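To keep things clear, I will list the structure first and then write my remarks on it.
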Amino acid sequence: MKFKTLSVHAGHRPQDHMGAVMPPIYQTSTFAFRGVNQPGPFDYSRSGNPTRKALEDCLAALEGGSAGFAFATGMAAEATVLMLFPAGSTVIVHNDLYGGTYRLFESVFSTKGIRARYVDLRDARCLEAALAEGAAAVWIETPTNPLMNLVDLRAVAEAARKHGALTICDNTFLSPYFQRPLEFGIDIVTHSTTKYINGHSDVVGGAAIVGDPALAERIGFLQNAMGTCAGPQDCFLVLRGIKTLALRMEEHHRNALALAQWLSRHPKIAQVLHPGLPSHPQHALAQSQMSGYGGTFSFRVHGGQDAVFRLLSAVRVFTLAESLGGVESLIEHPATMTHASVPADVRETMGITPDLIRVSTGLEDIEDLIADLDAALAAA
Ligand SMILES: *Cc1c(COP(=O)(O)O)cnc(C)c1O
């Protein structure tokens with residue numbers, strides 16, 4: 001079945017739930033045995049819950065995997081996946097990534113003997129050199145946050161496989177509607193379902209999806225052993241969000257591209273970082289591995305941090321907030337907000353400079369979004 005059909009139906013059969021057309025919220029910690037030594041399909045909600053199962057099966061269908069796992073947050077999904085690797089492992093990590101993932105590697109897993117080695121995954125020779133020295137996995141984000149750089153999924157998956165390293169792709173920015181990393185040979189997809197997948201800024205959640213059943217078994221074991229799973233109420237809300245994922249992503253994509261095109265013609269804008277613009281250095285790769293550009297992108301304003309702060313104070317439709325992927329438009333300053341936990345010198349070499357602004361384009365009317373930024377830029 002096609003994506004839109006799967007997003008409405010995958011994971012739930014009304015006849016299994018008293019005919020309920022929407023998946024019920026099984027708000028229970030434990031399940032009665034059918035008899036002595038006769039457990040039912042579920043026994044305890046950390047190990048499995050029918051509402052969570054509906055979401056997990058739906059996520060697996062949308063990403064084209066054999067199994068999905070729903071977690072309390074995106075970070076819980078990432079932490080659980082990283083527990084696959086024994087102490088002493090090296091993980092090659094794209095050198096431009098979500099601030100929370102950087103913090104997880106540097107402040108948590110480094111103390112447990114798992115080392116992150118930062119490499120620009122756009123450069124095949126750097127990746128090859130790092131793989132040659134031995135690595136358990138390669139951690140990819142594409143497009144990256146907030147610089148909108150892309151990683152060639154097929155090329156990295158092939159190189160890693162030759163060296164026996166797993167590949168993990170954080171697919172939060174595009175959702176499976178616009179990019180399905182497993183189809184390019186990636187082993188594990190992770191998500192912060194907090195963002196586009198839920199899409200309504202009312203849940204924090206995470207996910208991991210895999211193709212290989214042996215890998216699925218190991219992640220399922222860790223999810224249960226570590227207790228990082230999502231609760232049934234949150235799973236229900238994420239499932240409800242997924243039913244409109246395709247429609248929302250189309251509109252996020254349209255609004256963001258129109259806004260990026262408008263900004264790129266504005267005299268106060270120094271640069272627009274959006275993979276759908278021909279000026280993006282990886283525009284061709286974007287067209288070959290993504291079927292749309294999503295709703296989040298960044299731009300640089302002339303006049304440095306002072307101008308940025310005046311602009312951020314002047315917006316009325318955009319809300320000054322971290323996060324992305326909801327129906328409402330958000331605007332933020334990576335250097336002092338989402339990426340404040342990355343040391344200043346590292347930020348600077350990455351290109352997260354004080355003149356950089358990131359927007360998550362919501363589903364409002366594009367004319368209102370343009371008018372809002374036009375007025376804010378006049379104040380900047
Ligand atoms: C938000 C985010 C995460 C972390 O997810 P939480 O749900 O906030 O824990 C990870 N990766 C990316 C790209 C994100 O945007």
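Each residue takes its place number in the sequence, starting with 1. The structure presented is a predicted model; accordingly, all values stated were derived computationally and were not measured. Just so you know, ligand 1 is whichever comes first in the structure, and atom 1 is the first atom listed for that ligand.
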Atom indices of ligand 1 within 4.0 angstrom of Gly205 heavy atoms, with elements: 7 (O)
Which ligand 1 atoms, with their elements, are less than 4.0 angstrom from a heavy-atom of Ser192? 1 (C), 2 (C), 3 (C), 4 (C), 5 (O), 6 (P), 7 (O)
Examine the side chains of Thr193 and Asn198 and answer whether a donor and an acceptor come within less than 3.5 Å of each other. no
I need the atoms of ligand 1 closer than 4.0 Å to a non-hydrogen atom of Glu78, numbered in the order shown. 10 (C), 11 (N)
Is the Tyr118 to His94 ring centre distance short of 6.0 Å? no
List the closest protein heavy-atom neighbour of atom 15 (O) of ligand 1: residue, atom name, distance to the nearest 0.1 Å. Lys195 NZ, 2.7 Å
side-chain contact (heavy atoms from CB on, under 4.5 Å) for Leu6 and Cys58? Distances and angles first, verdict last. CA-CA 7 Å; Leu6 291 173; Cys58 183; over 6 Å; no
Under 6.0 Å from the CD atom of Glu367, do we count more than 12 heavy atoms belonging to anything else shown? no
Please determine whether ring-ring contact (aromatic ring centres under 6.0 Å, His included) holds for the pair Phe31 and Tyr44, giving the CA-CA distance in whole Å, both sets of side-chain angles, and the decisive distance to 0.1 Å. CA-CA 6 Å; Phe31 298 81; Tyr44 186 61; 8.8 Å; no
Contact check: Glu141 vs ligand 1, nitrogen or oxygen atoms, below 3.5 angstrom: no
Which bit of Asp170 gets closer than 4.0 Å to ligand 1, counting heavy atoms only: side chain, backbone, both or neither? side chain
Check for me whether the distance between the ring centres of His252 and Tyr293 falls short of 6.0 Å. no
For the 3.5 Å polar cut-off, considering only N or O atoms, please tell me whether Phe173 and ligand 1 meet it. no
Could you find the nearest protein heavy atom to atom 3 (C) of ligand 1 and give me its residue, atom name and distance? Tyr98 CE2, 3.3 Å
Please find out if less than 6.0 Å separates the ring center of His280 from that of His274. no
Please indicate whether any nitrogen or oxygen in Gly74 is less than 3.5 Å from any nitrogen or oxygen in ligand 1. yes
